[in-house]
Amino acid sequence: MSELYAVIGDPIGHSLSPAMHQFWYKNNHMACHYHAFKVSADDLADAVKGLKAIGIKGFNVTIPHKINIMPLLDHIDEEAKMLGAVNTVVNRGGELYGYNTDGLGFLLSLEKEVPEILKQNPKVLIIGAGGAARAVGLTLAKHAELKQLDISNRTIDKAKRLSSECEPLTKTRALSLEEAKGRLPDYDLIINGTSLGMAPHTDQTPIAIMPSERRQVFVDLIYRPLKTAWLRQAEAEGHTVLNGLPMLIYQGALAFNHWFGFMPDTKGMQMFLERKLED
Ligand SMILES: NC(=O)c1ccc[n+]([C@@H]2O[C@H](COP(=O)([O-])OP(=O)(O)OC[C@H]3O[C@@H](n4cnc5c(N)ncnc54)[C@H](OP(=O)(O)O)[C@@H]3O)[C@@H](O)[C@H]2O)c1
């Protein structure tokens, strides 16, 4: 009998997690199955009870349940507590342990794909202050040595809130999008944490890219499309660019590691998912 793993969310139809985990199970000859379950906010508590009752070994949690799942779990680790959100659950002997691999997945994607950037104590700008920007911002503030971490968002109050949460950990400011635009050439690393540019609105960009003498690193958390209009502009200006696919893969690999105790192959996964997303 194969062991069951899952992701719960709503909507869930476009999730790449089943394809990703099934690929790793197959390549590692594991008798496991990973299924996506659509669970509405109203049904969350019942769904978690049901998953526990059927003896699920672990599951991922996605929008809109990453916060509301927390009181339904028996233990929450420090990283998930800091982020105030859980994306990975492990069932150990009937007790549910909550983790968050989103922020550390992002950090690992930077360390692996743009290895020099964090070594130079960068000045960082994050555009966006939603769930993804929050995970990335707080994780960078906690784990990286930054010269500066600025947050800019359409709704400035949300940028201020995130910046004040980062304040005990790093030097930070909240900026309006207009202020951020003017200061863009000052940053070493610029991260789009908004949904601007995501399919089907692929012509949108989060902030104008000014010509600059400095070589900068532009990261878009979006992976649909693989290269957003914004990343194409940055690349045309000669900057280094990275999409959101490595973050997605590393958060999945870290969840896999919580369940099985080893890191799966991420390079093969990159090729597999790129092919899938190009189709
Ligand atoms: N690579 C990965 O593994 C990964 C993981 C998670 C998310 N993501 C991507 O990250 C992006 C954000 O996801 P999320 O979960 O953080 O979403 P979210 O919580 O809904 O946040 C959305 C963000 O986008 C901004 N935004 C939306 N529409 C805008 C507009 N028209 N003009 C200006 N700003 C706008 C919002 O600003 P306001 O606060 O002003 O509304 C907010 O900052 C999505 O594209 C998602 O695919 C990637």
Side-chain angles (χ1 to χ4, degrees), residues 63 102-103 106-107 109-110 113-118 120-141 144 146-167 170-248 274 277-278:
I63 287 167
D102 285 328
F106 175 78
L107 197 65
S109 79
L110 273 191
E113 306 294 328
V114 208
E116 294 309 313
I117 189 69
L118 289 181
Q120 51 183 283
N121 296 12
K123 271 186 99 167
V124 181
L125 172 68
I126 298 177
I127 306 152
R134 191 162 184 283
V136 163
L138 281 167
T139 303
L140 283 175
L146 309 178
K147 236 180 243 111
Q148 180 83 33
L149 174 64
D150 290 345
I151 320 275
S152 181
N153 193 46
R154 173 179 62 178
T155 311
I156 186 73
D157 281 350
K158 278 170 69 180
K160 284 183 182 159
R161 221 174 304 145
L162 178 53
S163 177
S164 69
E165 283 188 83
C166 294
E167 191 130 36
T170 195
K171 201 166 158 233
T172 173
R173 288 176 300 196
L175 304 176
S176 69
L177 288 170
E178 209 42 47
E179 282 173 304
K181 187 173 143 194
R183 294 174 193 263
L184 207 66
D186 294 350
Y187 296 97
D188 304 297
L189 172 61
I190 299 143
I191 301 163
N192 176 31
T194 76
S195 44
L196 289 169
M198 194 164 74
H201 306 293
T202 52
D203 55 334
Q204 296 180 333
T205 56
I207 198 163
I209 299 172
M210 303 297 179
S212 146
E213 291 299 305
R214 297 178 60 196
R215 296 304 92 195
Q216 296 166 292
V217 176
F218 285 74
V219 181
D220 204 324
L221 302 190
I222 293 171
Y223 50 84
R224 265 193 191 104
L226 282 168
K227 203 172 275 174
T228 56
W230 190 65
L231 284 194
R232 275 190 267 116
Q233 282 174 17
E235 200 170 49
E237 291 289 337
H239 301 300
T240 299
V241 301
L242 179 68
N243 68 16
L245 194 57
M247 173 180 175
L248 177 82
E274 276 176 0
L277 288 163
E278 275 159 6

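This one's a predicted model, so the numbers in the text were calculated from it and none came from an experiment.
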Donor-acceptor contacts under 3.5 Å from residues 156-163 side chains, at least two apart:
from: Ser163; atom 1: OG; to: Thr172; atom 2: OG1; distance (Å): 2.8

Given Glu113, which of Val217, Leu242, Leu245 fulfils the side-chain contact (heavy atoms from CB on, under 4.5 Å) condition? Leu242
For Asn153, all residues meeting side-chain hydrogen bond (donor to acceptor under 3.5 Å, both in side chains), sequence neighbours excluded: none
Contacts of type side-chain hydrogen bond (donor to acceptor under 3.5 Å, both in side chains), residue Lys171, not counting sequence neighbours: Gln148
Tell me, do Leu118 and Leu140 make a side-chain contact under 4.5 Å, heavy atoms counted? yes
With Ala132 via side chain to side chain contact (heavy atoms under 4.5 Å, CB included) - residues at least two apart: Leu221
Is there side-chain contact between Leu110 and Leu189, with at least one heavy-atom pair below 4.5 Å? yes
Please, which pairs that meet salt bridge (charged side-chain N to carboxylate O under 4.0 Å, His left out) have at least one residue in residues 181-209, sequence neighbours excluded? Asp188-Arg214
Heavy-atom donor-acceptor pair, Gln216 side chain to Ala234 backbone, under 3.5 Å: no
Show me the pairs that pass side chain to side chain donor-acceptor pair (under 3.5 Å) and involve residues 229-248, at least two apart or across chains. Lys227-Glu235
Once salt bridge (charged side-chain N to carboxylate O under 4.0 Å, His left out) is applied, what residue pairs with a partner in residues 125-134 remain, sequence neighbours excluded? Arg134-Glu165
Taking only residues two or more places apart in sequence, or in another chain, which ones meet Glu179 in a side-chain hydrogen bond (donor to acceptor under 3.5 Å, both in side chains)? Ser176
For Arg215, check side-chain hydrogen bond (donor to acceptor under 3.5 Å, both in side chains) against everything at least two apart and list the hits. none
Is there side-chain contact between Leu125 and Ser152, with at least one heavy-atom pair below 4.5 Å? yes
Do any pairs count as a side chain to side chain donor-acceptor pair (under 3.5 Å) and have a residue in residues 122-133, sequence neighbours left out, and if so which ones? none
Selection residues 121-141 - residue pairs positive for ring pair (Phe, Tyr, Trp, His ring centres under 6.0 Å), sequence neighbours left out: none
So ring pair (Phe, Tyr, Trp, His ring centres under 6.0 Å) across residues 175-215, not counting sequence neighbours, yields none
Keeping the roles fixed (side chain from Asn121, backbone from Lys147), state whether a donor-acceptor pair exists under 3.5 Å. no
Does any part of the side chain of Thr194, heavy atoms only, come nearer than 4.5 Å to the side chain of Gln204, both counted from C-beta? no
